[in-house]
Amino acid sequence: MRAKAGFFLSASLRGIGGPEVVDSRLALGVAVATGVSLIVGWGMIRLGLRVGVVDTPDDHLKAHSGSPVPLGGGAVLAGVLSGLAVAGVVDVAVLSALLIVWLVGLADDVWEVRAVIRLFGAVVAGVALVALSETRFEPIVAVFWVVAVVVVVNAIKLFDGLDTLAGSVMAVAFLGITWFGLAQGAADPLLILAVVGALLGFLVWNRPPARLYLGDNGAYVLGVLAVWAAMWSSADRMAGVVGVALIGMPLIDLGVTVFRRGLSGAPFLQGDRDHTYDRLQQQGLSAAGVAILFTIAQALWVAALVPVSVVVGDLAAAITALSLGLVIAAVLGVRLVLAER
C-alpha cells in the first residue's frame, strides 16, 4: 500500500507542479465531493418521494419522525467518485466493490432482499476489492480484508439508527484513518478526505429531522469505503488491523449487540431497538445529543489509538484496540441485558 499511495502522490507532484498545487487539488477534490453529494442528495429526496421509496415509521424498528428517503448512499457514492475523478484518481477495485454493495443495498431498501443475499453481496464486494487491487496480497491478508468488508458493512448498517449518528461518527473515523495513514507515510489524503466531503454534503439532509437516510445502500457504501481507506493507510499487515480498528464506534456497537443477543438468547439476525444509542434516546437524550456523544467518543478513540501506534508501535495499538473494544462491548452488553430484567 505504501508504494501504491506513494505512486499517486508523487505522480501528482510531477504532473501538476508541487506541494502548493497538490494542496489545491486536495481542496478541489473535497469541495467537489461535498457539492456533488449535496446536490445528488437533494435529487435523491425528490426521487424517493416521487416513486414512494420512503422510510415510514413503525412501532418496532423505525422510531423516527417523518418519512425520510433511504437513498443517501447514492449521494455519498456520487460525491466520493466525483471528488476522486477531478484529481484523476481511478481505482477499479474500489469502484467495482462500491457498485456491488450499492446495488445490493439499494435492492434491500426497495424490495427487502434476504439476509443471505446481502451477505453474499458483501463477500463478492470484498473479493473484488482484493482481487482487482494492484497490490498482491498474501492469502491470509486477502482473507482478512474480505472478512473486514463483511464485518464493517454490517456494523455500519446496525449503527445507522438515528439522525446524523452514522454520518458524523464515520466522518471522524475517516479523519482518524487519514491521520494514521499520514503517520504511516502510506496515504494520499485526498483518497480518504473526499469521503469526508461527501459525508458533509449528505449530513445537510440528514440533520434532525432527517429528510435523507443512508439506507442499507449507504451503510454498505460507507463500509467498503472505510475498509478501502484502512487498506490505503496501511504500510504493513499489522497497520491494516489498526486501520480497521480506527472505525471504532460502529465496531464496538456490533460487539455490544453480539454480547447482548448472545446473553439474552435473542436471534442474532433479528433487528431491535435495544442498541446503546437507542437506550440513550429512551432515557431522554435527543437524537442530536446522542450523535454528538458518540462523535466525541469516536474522536477520543482515534486520539488514543493513533499516538499509541506512532509512539509504541502498530502491534501495541492493535492489542489496545482489541482489548479495550472487547471490554467496552462486554460491559455495555451485560449492562443492557441486566437492564432488561
Side-chain angles (χ1 to χ4, degrees), residues 1 3-44 47 71-106 125 128-135 149 153 167 170-171 173-175 177-178 181-182 186-205 212 214 217-233:
M1 283 302 150
K4 186 176 178 185
F7 167 77
F8 269 119
L9 187 53
S10 61
S12 299
L13 286 168
R14 290 195 303 269
I16 57 180
E20 295 81 5
V21 183
V22 172
D23 289 341
S24 299
R25 164 180 167 268
L26 176 61
L28 178 61
V30 174
V32 168
T34 304
V36 169
S37 178
L38 181 65
I39 294 169
V40 174
W42 175 81
M44 288 296 177
L47 175 64
L71 300 177
V76 174
L77 180 61
V80 171
L81 296 183
S82 299
L84 296 180
V86 297
V89 176
V90 178
D91 189 313
V92 174
V94 74
L95 177 60
S96 301
L98 286 172
L99 289 177
I100 291 168
V101 293
W102 180 63
L103 290 173
V104 170
L106 187 62
L129 188 64
V130 171
L132 298 178
S133 173
E134 293 179 11
T135 302
V149 168
V153 298
M170 287 308 299
F174 280 109
L175 289 174
I177 294 172
T178 303
L182 291 173
D188 181 346
L190 175 61
L191 301 179
I192 305 174
L193 292 180
V195 185
V196 179
L199 281 172
L200 292 177
F202 160 74
L203 284 169
V204 170
W205 306 114
L212 183 67
L214 281 171
N217 68 101
Y220 291 171
V221 162
L222 272 186
V224 168
L225 287 170
V227 175
W228 180 61
M231 291 172 67
W232 273 99
S233 69

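For clarity, every value in this text was computed on a predicted model and none was experimentally measured.
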Rounded at 0.5 Å granularity, tell me how far [atom1] in [X] sits from [atom2] in [Y].
| X | Y | atom1 | atom2 | answer |
| --- | --- | --- | --- | --- |
| Leu81 | Leu99 | CG | CG | 7.5 Å |
| Ser233 | Leu182 | OG | CG | 9.5 Å |
| Thr135 | Met231 | OG1 | CE | 6.5 Å |
| Met170 | Leu199 | CE | CG | 7.5 Å |
| Leu129 | Leu95 | CG | CG | 11.0 Å |
| Asn217 | Leu71 | CG | CG | 6.0 Å |

Over all heavy atoms of both residues, which pair between [X] and [Y] is shortest? Give the atoms and the distance, please.
| X | Y | answer |
| --- | --- | --- |
| Ala194 | Ala33 | O-CB, 3.3 Å |
| Val104 | Tyr220 | CG1-CE1, 4.4 Å |
| Ser37 | Gly201 | OG-C, 3.7 Å |
| Ala97 | Val224 | CB-CG1, 3.8 Å |
| Val86 | Gly29 | CG2-CA, 3.8 Å |

Within a strict 4.5 Å, meaning less than it, do heavy atoms of the Asp91 and Trp228 side chains meet?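 Of all side-chain heavy-atom pairs linking Trp228 with Asp91, at least one is under 4.5 Å.
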
Any side-chain heavy atom of Val195 sitting closer than 4.5 Å to one from Leu222? yes

Where do Leu38 and Trp205 land on the side chain to side chain contact (heavy atoms under 4.5 Å, CB included) test, with the steps shown first? CA-CA 8 Å; Leu38 181 65; Trp205 306 114; 3.5 Å; yes

Under the side chain to side chain contact (heavy atoms under 4.5 Å, CB included) test, residues paired with Ala229 that sit two or more places apart: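 Scan of Ala229 (side chain to side chain contact (heavy atoms under 4.5 Å, CB included), adjacent residues dropped) gives Phe174, Ile177, Ile192.
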
Partners meeting side chain to side chain contact (heavy atoms under 4.5 Å, CB included) with Leu193 (sequence neighbours left out):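 Residues passing side chain to side chain contact (heavy atoms under 4.5 Å, CB included) with Leu193: Leu26, Val30, Leu175, Thr178, Pro189, Val196.
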
With Val227, the side-chain contact (heavy atoms from CB on, under 4.5 Å) member among Val149, Val153, Val94, Val130: Val149

